[in-house]
Structures are given as structure tokens and as C-alpha cells.
Amino acid sequence: TPKPSSAASDVYKRQAVVGVTYKSIAQDMTPEEQAAAAVDQRKSLFKTIRYNLGPIVGMAQGAPFDAEVAERNARRIAVMATMIPEMLAIDTSAFDNIETTALDSIWSNQGDIADMSQALIDNANVLADAAATGDMGATLGAVRGLGGSCGYCHDTDRVDTDKESIDTGRLSEDDLTSENLRYFFT
């Protein structure tokens with residue numbers, strides 16, 4: 001069996017230290033503090049997914065097509081989507097003072113969350129594979145599947161903030177013309 005390189009070994013050591021440190025810190029946190037930390041981690045993950053999704057959505061709306069960016073970002077989304085069930089494992093519904101758009105139903109439907117995350121992974125990989133060919137039509141066609149994966153979860157497990165977004169001027173009605181892409185802008 002090959003030995004890991006010293007750089008890889010250093011990474012494993014740092015991950016172990018971070019894991020032990022986090023567990024130690026979490027043990028010193030109240031349940032409400034743990035829930036707040038879980039929400040912060042969740043929001044960070046979804047913001048990072050949205051950051052990577054932005055250029056892809058832009059291309060679908062007419063921005064210049066860049067196959068390399070589409071492939072790279074879709075592959076990132078696929079990797080990050082593997083973390084969604086873990087990020088939604090801590091039930092934060094008991095804490096009314098923690099701001100979140102997650103619906104309480106998430107914690108009674110963890111199997112659905114895993115299935116939806118897998119659909120997101122699969123659709124992100126389909127998009128990345130299409131982008132790897134350089135075929136703009138195939139790539140942009142795959143955006144619909146990716147958007148559907150995001151949209152379905154948002155429809156079933158997230159407070160609908162889209163109307164509020166329009167009312168506050170964060171979105172225009174034109175941004176919502178595609179049902180599959182509307183959630184990327186909230």
C-alpha cells in the first residue's frame with residue numbers, strides 16, 4: 001500500500017485536529033448555540049453553492065458561454081451537495097429565535113433530503129459532463145435539470161421568500177420567468 005505524501009499526511013493531521021477541536025468546542029456549547037452554529041454552517045454551504053451557481057445561471061440567461069467555468073462550478077456544486085444531508089442533520093426547529101428559512105418538515109424527512117441531495121449531485125454532474133464537451137446547447141439544456149433539483153427542495157423544505165424578494169425590490173418579475181431558475185436569486 002502506498003504511503004500518503006507528506007503534504008497529504010499534513011492535511012489528514014490538520015483535519016483530525018480540526019475535528020477534535022470542533023467536537024471539544026461543541027461539547028462546551030448549549031443546545032441553542034449548537035443549533036445556531038448548525039444554521040450558520042448551513043447558510044455558508046448554500047451561499048457557496050449559490051456563488052458557484054451564479055455564473056451558470058448567468059450563462060443560461062445570455063451571458064457569454066464559458067464551458068470551463070460551467071464545468072468547474074458544476075463539479076464544485078456536486079461535491080458540496082454531498083454535504084447537504086450532514087448540514088441538515090441537526091434539528092434546529094425547537095429554537096424560535098434562530099433565523100432560518102428551513103421548514104421544520106426537514107427533520108422528519110431526512111430520507112427525502114438525502115434523495116434530493118443525490119438528485120442535485122447527479123444533475124450537477126450531468127451539467128459538468130455536458131460542459132466538458134464544450135457543447136453550449138447541451139450544457140445550457142442541463143441547467144434545467146440542475147435548477148429543478150434546487151427548486152424542488154426549495155419548494156418542499158424552505159420558507160418561500162420569493163414574493164418578499166419581489167416586494168422589496170431584490171428581484172424583478174422578469175427574474176421569475178423560469179420556474180426552474182427563480183430560486184437562484186433569493
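None of the values given here were measured: they were computed from a predicted structure.
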Return the minimal non-hydrogen interatomic distance between A114 and P85, and the atom names on each side. CA-CG, 4.1 Å

Check: Q118 side chain, D115 main-chain N or O, donor-acceptor pair, under 3.5 Å: no

Run the side-chain contact (heavy atoms from CB on, under 4.5 Å) test on L146 and V126 for me, step by step, so that the C-alpha distance in whole Å, both residues' side-chain angles and the decisive distance to 0.1 Å come before the verdict. CA-CA 9 Å; L146 183 65; V126 166; over 6 Å; no

Measure the spacing between CG of N73 and CD of E68 and express it to the nearest 0.5 Å. 11.5 Å

If the threshold is 4.0 Å, N to carboxylate O, is there a salt bridge linking E71 and R75? yes

Taking CD in E86 as the centre, count heavy atoms belonging to other residues, nucleotides or ligands within less than 6.0 Å. Is the count above 12? no

Identify the two heavy atoms, one from N125 and one from A78, that lie closest to each other, and give their separation to 0.1 Å. OD1-CB, 3.4 Å

dist S117:OG -> D122:CG (nearest 0.5 Å) comes out at 10.5 Å

Between R42 and T92, a side-chain donor and acceptor under 3.5 Å: yes

Atom of A131, atom of A70 and distance for their closest heavy-atom approach: CB-CB, 3.8 Å

If I take atom CG from residue D40 and atom NZ from residue K47, how far apart are they, to the nearest 0.5 angstrom? 8.5 Å

From CA spacing to verdict: side-chain contact (heavy atoms from CB on, under 4.5 Å), Q41, L45: CA-CA 6 Å; Q41 290 167 347; L45 174 64; over 6 Å; no

If we only count heavy atoms from C-beta on, is the I121 to I84 side-chain gap below 4.5 Å? no

Rounded to the nearest 0.5 Å, what's the gap from CG on L140 to CD1 on I56? Could you check? 10.0 Å

Smallest separation among heavy atoms of A124 and I77, with atom names: CB-CG2, 4.1 Å

Answer yes or no: is there a side-chain heavy-atom contact under 4.5 Å between V143 and V57? no

Polar side-chain atom of N123 near backbone of G145 as donor-acceptor pair, under 3.5 Å: yes

So how far is it from L53 CG to R76 CZ, rounded to the nearest 0.5 Å? 12.5 Å

Could you tell me if D135 and T133 have a donor-acceptor pair between their side chains, going purely by distance under 3.5 Å? no

Hey, what do you get for OG (S44) to CE (M83), rounding to the nearest 0.5 Å? 9.5 Å

Among R72, M136, M59, which one satisfies side-chain contact (heavy atoms from CB on, under 4.5 Å) with D66? M59

Identify the heavy atoms of K43 and E99 that sit nearest to each other, and give their distance. NZ-O, 3.0 Å

